[in-house]
Amino acid sequence: MIGIALEQQKQGWVRVTVPTPGQTLCTAVFPAGSSCTAPPPGQGLLELLLCRSGRLQLAFGDGRTAALGPGDLLVRTAWAGEAKASAPLGDAVFVEMAMEEETLSQLYRGLSLPPVTLEQVRRRTEGGWTVLRDKDWSGPVLEALEQLFRDEQGGYVLLRALERLYLLCRQPENQQPPGGVYFDRYQRDAAERVRAYMVEHLDSRVTVEELAKRFQISATTLKACFRHLYGEPLHTYLQRYRLETAAELLRTTDLSVLEVAAAVGYSGTSRFGTAFKELYRQTPGAYRRDLREENVQNR
């Protein structure tokens with residue numbers, strides 16, 4: 001389990017419980033910038049991981065990668081091999097379960113449903129794992145979790161994950177599950193290098209085509225992979241990062257508004273002011289003035 005790997009490496013916040021024999025439940029906060037390697041589930045075990053918030057990146061031994069955002073459900077079996085996990089953008093919060101096949105069967109029998117077997121799961125996943133994405137399912141789940149006591153949340157996630165797994169195994173074997181799109185390591189690495197380049201060159205104007213050519217990846221793949229990894233289109237991400245950096249400069253330096261605009265890639269204050277106000281609901285000058293007045297009052 002990824003949560004157990006985090007706990008063993010003394011990273012983040014992890015809580016592990018054993019609700020019933022043959023079942024392990026883990027809630028965890030994966031710290032921003034950290035990483036860990038989780039061994040595959042043991043023979044006869046199934047793992048389910050629901051991402052609650054943040055973004056969790058995974059790389060598997062078969063060369064495929066996946067990025068889990070809020071509401072995405074990872075299904076992993078012993079056939080999947082180890083998983084390397086990281087949280088490059090910020091803390092990722094998740095709930096994870098592992099259970100023996102017999103325990104899984106008992107849970108379904110208790111609901112008067114035919115049991116789901118690991119062989120059924122294997123036949124409906126490529127390489128022994130898959131990520132299920134369905135906003136119609138995950139939206140109500142995430143909303144309900146905010147209304148439950150912490151001690152109830154793990155059991156509720158298990159209940160809804162069993163539902164999602166049951167529906168997966170009732171699909172025809174040749175039917176691709178929703179959200180089953182993955183990128184290989186080269187594509188992921190290219191997208192990560194593009195992000196690093198953009199962050200280091202905020203004062204430069206770049207296009208997707210220029211970035212794709214520089215990092216030897218098609219523009220179409222770059223746009224799809226970047227959104228897959230970081231949860232939003234490339235230019236949306238870049239504009240937000242520029243404005244967040246501008247806000248930090250306004251808070252921590254005496255640079256003029258024009259100098260701040262130039263430092264984050266805007267050629268003048270007009271477009272910069274419009275974009276800044278859309279995000280922060282006030283002009284750059286008012287933002288700086290209000291912060292300084294607040295600091296004076298707090299002294």
side-chain contact (heavy atoms from CB on, under 4.5 Å) between Leu46 and Val116, intermediate numbers included = CA-CA 11 Å; Leu46 173 74; Val116 167; over 6 Å; no

Give the intermediate values and the outcome of side chain to side chain donor-acceptor pair (under 3.5 Å) for residues Trp137 and Glu163.
-> CA-CA 10 Å; Trp137 176 84; Glu163 171 197 20; 3.3 Å; yes

Residues Arg160, Tyr156; criterion side chain to side chain donor-acceptor pair (under 3.5 Å); working and verdict = CA-CA 6 Å; Arg160 296 305 304 270; Tyr156 177 74; 3.1 Å; yes

Would you check, one step at a time, whether the test side-chain contact (heavy atoms from CB on, under 4.5 Å) holds for Val18 with Thr20?
-> CA-CA 6 Å; Val18 182; Thr20 61; over 6 Å; no

Test Val95 against Leu49 for side-chain contact (heavy atoms from CB on, under 4.5 Å), laying out the working first.
-> CA-CA 6 Å; Val95 180; Leu49 184 152; over 6 Å; no

Might you work through the side-chain contact (heavy atoms from CB on, under 4.5 Å) test for Leu50 and Phe94, ending with a clear yes or no?
-> CA-CA 6 Å; Leu50 177 77; Phe94 63 87; over 6 Å; no

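A cation-pi geometry, defined here as NZ or CZ lying under 6.0 Å from the six-membered ring centre and within 45° of its normal, does not hold between Arg227 and Tyr230.
Residue Asp62 comes nearest to Gly127 through the heavy atom pair OD2-CA, 4.2 Å, listed as atom of the first residue, atom of the second, then distance. In plain terms, the two heavy atoms of Ala212 and Leu222 that are nearest each other are N-CD2, 3.9 Å. Of all heavy-atom pairs between Leu25 and Gly155, the closest is CD2-N, 4.3 Å. Scanning both residues, Pro40 and Arg76, for their nearest heavy atoms gives CA-NH1, 3.6 Å. The heavy-atom pair separating Met99 from Leu104 by the smallest distance is SD-CD1, 3.4 Å. The two residues Ala5 and Thr37 have their closest heavy-atom pair at CB-O, 3.7 Å.
A heavy-atom distance below 4.5 Å is found between the side chains of Tyr266 and Leu243. In this structure, Pro21 and Thr103 have side chains that are not in contact, with every pair of non-hydrogen atoms separated by 4.5 Å or more. With a 4.5 Å cut-off on side-chain heavy atoms, Tyr241 and Thr236 do not count as touching. Contact annotation: the side chain of Lys223 approaches that of Val208 to within less than 4.5 Å [non-hydrogen atoms, C-beta and beyond]. Residues Val157 and Arg52 have side chains not in contact (no heavy-atom distance under 4.5 Å, counting atoms from C-beta outward). Looking at Trp129 and Trp79, their side chains never come closer than 4.5 Å, going by heavy atoms from C-beta outward.
When atom types are taken as modelled, the side chain of Thr274 and the backbone of Ser270 share a donor-acceptor pair closer than 3.5 angstrom. No donor-acceptor pair closer than 3.5 Å links the side chain of His228 to the backbone N or O of Ala224. At least one donor-acceptor pair closer than 3.5 Å links the side chain of Glu259 to the backbone N or O of Ser256. At distances below 3.5 Å, at least one donor-acceptor pair connects side-chain atoms of Arg124 with backbone N or O atoms of Cys169. Side-chain atoms of Arg55 do not come within 3.5 Å of backbone N or O of Ala92 as any donor-acceptor pair. Between the side chain of Arg242 and the backbone N or O of Leu202 there is at least one donor-acceptor pair closer than 3.5 Å. Side chain of Thr221 to backbone of Ser218: no donor-acceptor contact under 3.5 angstrom is found. Distance alone, capped at 3.5 Å, is enough to place a donor-acceptor pair between the Arg205 side chain and the Gly265 backbone. Listed for the Gln187 side chain is a donor-acceptor partner under 3.5 Å among the backbone atoms of Asp184. For the pair Asp290 (side chain) and Tyr287 (backbone), a donor-acceptor distance under 3.5 Å is absent.
A salt bridge is absent between Arg195 and Glu200: the closest approach of a Lys/Arg side-chain nitrogen to an acidic carboxylate oxygen does not fall below 4.0 angstrom. Salt-bridge check for Arg214 with Glu210: failed, with every basic side-chain N at 4.0 Å or more from each acidic carboxylate O. One finds no salt bridge joining Lys213 and Glu209 here, because no Lys/Arg side-chain nitrogen approaches an Asp/Glu carboxylate oxygen to under 4.0 Å. We find that Arg122 and Glu119 are joined by a salt bridge, their nearest charged nitrogen and carboxylate oxygen being less than 4.0 Å apart.
Summarising the local packing, CZ of Arg185 is surrounded by more than 12 heavy atoms from other residues, nucleotides or ligands at distances under 6.0 Å. Other residues, nucleotides and ligands contribute at most 12 non-hydrogen atoms within 6.0 Å of the CD atom of Gln216.
With sequence neighbours excluded, no residue forms a side chain to side chain donor-acceptor pair (under 3.5 Å) with Gln57.
Contacts classified as salt bridge (Lys or Arg N to Asp or Glu O under 4.0 Å) and involving residues 86-105 (residues at least two apart or in different chains) are given here: Glu102-Arg109.
Atom OG of Ser267 is separated from atom CG of Asp203 by 12.5 Å, given to the nearest 0.5 angstrom. Note that SG of Cys51 is 9.5 Å distant from CG of Leu58, once rounded to the nearest 0.5 Å. Rounding to the nearest 0.5 Å gives a distance of 12.5 Å between CZ of Arg150 and CG of Leu145. His201 contributes atom NE2, which lies 10.5 Å from atom CG of Leu211 (distance to the nearest 0.5 angstrom).
Ring-plane geometry between Phe276 and Phe272 is classed as tilted, the angle between the planes lying from 30 to 60 degrees on a 0 to 90 degree scale. Ring planes of Tyr166 and Tyr108: tilted class, angle from 30 to 60°.
Val93 shares a hydrophobic cluster with Trp13, Val29; the chain of contacts runs through ILVMFWY side chains whose heavy atoms sit under 4.5 Å apart.
Under a hydrophobic clustering in which Ile, Leu, Val, Met, Phe, Trp and Tyr are joined whenever their side-chain heavy atoms come within less than 4.5 Å, directly or via other members, Leu113 and Leu162 fall into the same cluster.
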